[in-house]
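Order of listing sets the numbers, starting from 1, for every ligand and every atom in it.
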Amino acid sequence: MARREQSFVCQNCGAAFGRWQGKCDACGEWNTIAEENAATALPNLPGRPQRKGRLFTLEPLTGETRDAPRLASGIAEFDRVTGGGFVRGSVLLLGGDPGIGKSTLLVQVAATLARAGERTVYISGEEAVAQVRLRAERLGLSGAPVELAAETSVEDIIATLSDKNTPRLVIIDSIQTMWTAAVESAPGTVTQVRGSAQSLIRFAKRSGAAVILVGHVTKDGQIAGPRVVEHMVDAVLSFEGEGSHHFRILRAAKNRFGPTDEIGVFEMTGSGLREIANPSELFLSERDLGSPGTAVFAGIEGSRPLLVEIQALVAPTSLGTPRRAVVGWDQSRLSMVLAVLEAHCGVRLSGHDVYLNVAGGLRIQEPAADLAAAAALVSSLANAPLPADAVYFGEISLSGAVRPVAQATTRLKEAQKLGFGRAILPDVARPVPDAARQEGAGDPALVLEPVKSLTSLVADIAARGKGQQRPNLRAGNER
Ligand code: TYD
Ligand code: MG
């Protein structure tokens with residue numbers, strides 16, 4: 001007699017166990033394991049005839065290649081991230097915090113495509129049709145011929161979509177609300193999410209429609225439940241932003257048909273998401289000119305230069321262990337920069353709280369921001385404002401040397417375009433300054449100020465602060 005398989009599945013990571021337990025061994029979460037019926041057919045069940053393998057031909061790498069047919073969404077910032085538009089038959093997962101603007105973005109995408117004459121279907125499992133309509137009205141898009149439905153049954157959805165001519169784009173908002181009768185577990189469980197996603201992916205591959213699945217993100221930043229979907233879909237995009245800021249950033253975490261390092265920048269306005277074609281202007285727009293502790297970092301996101309202000313505050317501490325807080329940058333890189341400042345430049349920070357913030361709610365990951373962060377920190381400590389027309393970039397090594405970074409010319413060009421007059425950059429492998437200068441003949445040239453080591457940068461900033469008070473900033477050899 002075939003044993004009926006019961007399995008216990010972690011609702012956080014999808015790991016399956018033979019019996020219930022309080023803690024998931026795979027992800028370490030407590031109380032996430034729930035009983036589910038294993039609907040998966042086991043291979044080689046006794047009594048089932050074993051299928052003989054079919055022969056197929058193996059092909060060489062070279063051969064007739066067809067470019068993946070793409071459907072541009074018409075929203076440039078979105079297409080930049082997907083790599084030029086939706087690929088036919090592909091499935092894309094869009095994750096993000098609740099309320100960040102996923103539905104808003106997708107209604108805009110749907111409306112733009114529908115207006116361009118492509119059949120677009122928007123299925124909402126979370127909101128009633130009236131609510132989606134209301135949003136579209138607010139966005140001024142109610143005239144677009146988007147086809148709407150509030151449905152949660154995957155079988156019904158696929159049957160409806162397969163009925164008439166196939167839509168070019170199907171939006172499922174959200175995958176957590178979908179359920180399929182093929183799986184016995186309760187709606188919302190990992191098994192349901194996985195089963196529903198599988199059916200929808202099969203539909204996409206079969207029909208050639210592009211499908212977007214919306215997925216909610218848990219508090220620790222994982223796409224809840226859909227974590228298990230991530231490896232099944234063709235692309236995973238995340239929509240990010242700080243709640244209190246209006247900027248929203250679309251990033252690709254995985255993309256089978258395009259780059260993963262491009263970002264799309266949007267601004268949430270009263271009438272929906274607005275594309276930001278030149279993010280540097282936005283991130284620098286509310287700049288605090290001439291106050292100590294701010295430095296402009298010339299960064300790169302994907303292929304795009306991005307100038308952003310880095311703010312630091314160094315203040316005497318009243319605590320036994322001084323605070324180190326950082327928003328928008330890596331905590332361990334801050335610790336490293338502080339350690340290098342202490343060890344090689346004689347900057348004593350052990351009695352100070354240190355706060356570092358990347359303006360505008362942006363998150364930067366590049367080590368090239370080291371130099372800008374260090375400049376902002378020293379500027380705050382020395383109470384010496386940095387030149388308002390300067391940009392900084394360069395990686396700091398543990399020895400205190402300033403190391404070169406990639407795409408220096410692109411960074412310099414962007415700085416020049418936005419009217420900056422000088423760049424403080426690594427000395428080694430100096431970029432070809434002429435390349436930056438020749439662009440736009442009328443522009444004033446950018447003055448390059450290469451620095452070899454962090455010590456010389458600290459000395460420069462300290463010299464600027466002369467006349468003002470210089471607490472705790474001593475030359476390294478005084479020790
Ligand atoms: P929504 O798209 O519903 O978020 P999600 O689907 O990711 O949960 O966006 C909701 C937020 O966006 C809400 O807090 C209000 C804000 N918003 C605007 O600021 N302007 C607008 O035009 C719209 C439609 C929403
Ligand atoms: Mg929503």
Side-chain angles (χ1 to χ4, degrees), residues 73-75 77-78 81-82 91-115 120-144 146-152 154 157 169-179 187-188 193 196-197 200 211-227 229-230 233 235-253 263-276 282 360-361 363:
S73 70
I75 295 182
E77 293 293 303
F78 196 98
V81 179
T82 53
V91 180
L92 192 154
L93 177 68
L94 176 69
D97 290 331
I100 202 79
K102 300 180 294 296
S103 304
T104 308
L105 178 66
L106 292 178
V107 166
Q108 288 182 249
V109 168
T112 317
L113 264 183
R115 278 190 175 149
T120 310
V121 176
Y122 188 104
I123 310 268
S124 177
E126 303 195 329
E127 293 163 297
V129 169
Q131 279 174 292
V132 181
R133 275 199 194 126
L134 214 62
R135 180 186 286 117
E137 231 162 76
R138 187 171 160 192
L139 302 175
L141 298 171
S142 40
V146 178
E147 295 169 53
L148 279 185
E151 281 296 333
T152 52
V154 171
I157 292 170
L169 179 70
V170 179
I171 293 163
I172 305 285
D173 188 2
S174 65
I175 186 65
Q176 276 106 336
T177 56
M178 295 295 135
W179 67 278
V193 167
S196 305
L200 289 163
V211 173
I212 302 181
L213 307 175
V214 174
H216 291 291
V217 162
T218 49
K219 53 188 182 312
D220 51 357
Q222 297 195 332
I223 300 183
R227 201 77 255 233
V229 176
E230 279 185 9
V233 297
V236 179
L237 307 188
S238 64
F239 204 37
E240 306 166 354
E242 293 284 324
S244 48
H245 290 286
H246 292 172
F247 318 122
R248 299 285 182 269
I249 295 186
L250 188 67
R251 274 181 210 278
I263 62 165
V265 185
F266 296 89
E267 184 184 3
M268 182 61 96
T269 68
S271 54
L273 290 157
R274 192 168 67 84
E275 293 179 66
I276 306 289
L282 184 82
R363 269 205 70 81

**Prompt:** Quick one: does H216 get an N or O within less than 3.5 Å of an N or O on ligand 1?
**Reply:** no
**Message:** Considering both backbone and side-chain atoms of M268, is one of its nitrogen or oxygen atoms within less than 3.5 Å of a nitrogen or oxygen in ligand 1?
**Reply:** no
Should you measure from each heavy atom of [X], which atoms of ligand 1 turn up under 4.0 Å away?
| X | result |
| --- | --- |
| S103 | 2 (O), 5 (P), 6 (O) |
| P98 | 8 (O) |
| L139 | 22 (O), 24 (C) |
| S271 | 22 (O) |
| G270 | 20 (N), 21 (C), 22 (O) |

**V214 touching ligand 1 at heavy-atom level, < 4.0 angstrom** = no
**Request:** Tell me, please: is G101 in heavy-atom contact with ligand 1, that is, under 4.0 Å?
**Result:** yes
**Complete:** Scanning both residues in full, the closest heavy-atom pair of V81 with L250 reads CG2-O, 3.5 Å
**Complete:** Taking every heavy atom of I157 against every heavy atom of M178, the minimum-distance pair comes out as CD1-SD, 3.6 Å
**Distance-only donor-acceptor check, side chains T269 and E267, under 3.5 Å** = no
**Message:** Which residue and atom name correspond to the protein heavy atom nearest atom 11 (C) of ligand 1, and how close is it?
**Reply:** G99 O, 3.5 Å
**Asked** Would you say S103 has an N, O or S atom lying under 2.8 Å from the Mg ion (ligand 2)?
**Response** yes
